[in-house]
Amino acid sequence: MAMLKKRSVQLSGHATSIALEPEFWAVLDEMARQRGSSLAALIAAVDRDRGDRPLASACRVAALEHLRVR
């Protein structure tokens with residue numbers, strides 16, 4: 001079972017931490033590289049579009065969607 005890895009990011013001027021499995025972080029890092037943006041900017045975009053979904057869940061869904069359309 002994969003251990004969760006925590007990373008801290010700034011969202012709207014506030015520090016927050018997100019705990020995800022390393023596999024999801026790898027996909028999110030790939031997404032950011034492909035978009036020419038930082039991981040923080042990518043997570044900020046996910047945060048803006050997540051609606052009522054928890055941020056960690058929204059990050060997982062974004063990663064899965066990226067892999068689905070890739």
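There is no path of hydrophobic side-chain contacts, each under 4.5 Å, that joins L4 to L28. Under the 4.5 Å side-chain heavy-atom criterion for grouping Ile, Leu, Val, Met, Phe, Trp and Tyr, I43 is not connected to V61 through any hydrophobic cluster.
Note that NZ of K5 and OG of S17 are 13.5 Å apart. Values are rounded to the nearest 0.5 Å. To the nearest 0.5 angstrom, Q10 atom CD is 9.5 Å from T16 atom OG1. Distance check: L20 CG to C59 SG gives 5.5 Å after rounding to the nearest 0.5 Å. Taking CG of L11 as the start and CG of D47 as the end, the distance is 5.0 Å to the nearest 0.5 Å.
When all heavy atoms of S57 and R53 are compared, the pair lying nearest together is CB-CG, 3.7 Å. Considering every non-hydrogen atom in both A19 and R60, the closest pair reads O-NH2, 3.6 Å. Closest approach of L39 to W25, counting heavy atoms only: CD2-CZ3, 3.9 Å. V46 approaches A62 most closely through the heavy-atom pair CG2-CB, 3.9 Å.
Here the side chains of M31 and Q34 are not in contact, with every heavy-atom distance at 4.5 Å or above.
By the 4.0 Å N-to-carboxylate-O rule, R33 lies too far from E30 to be salt-bridged with it.
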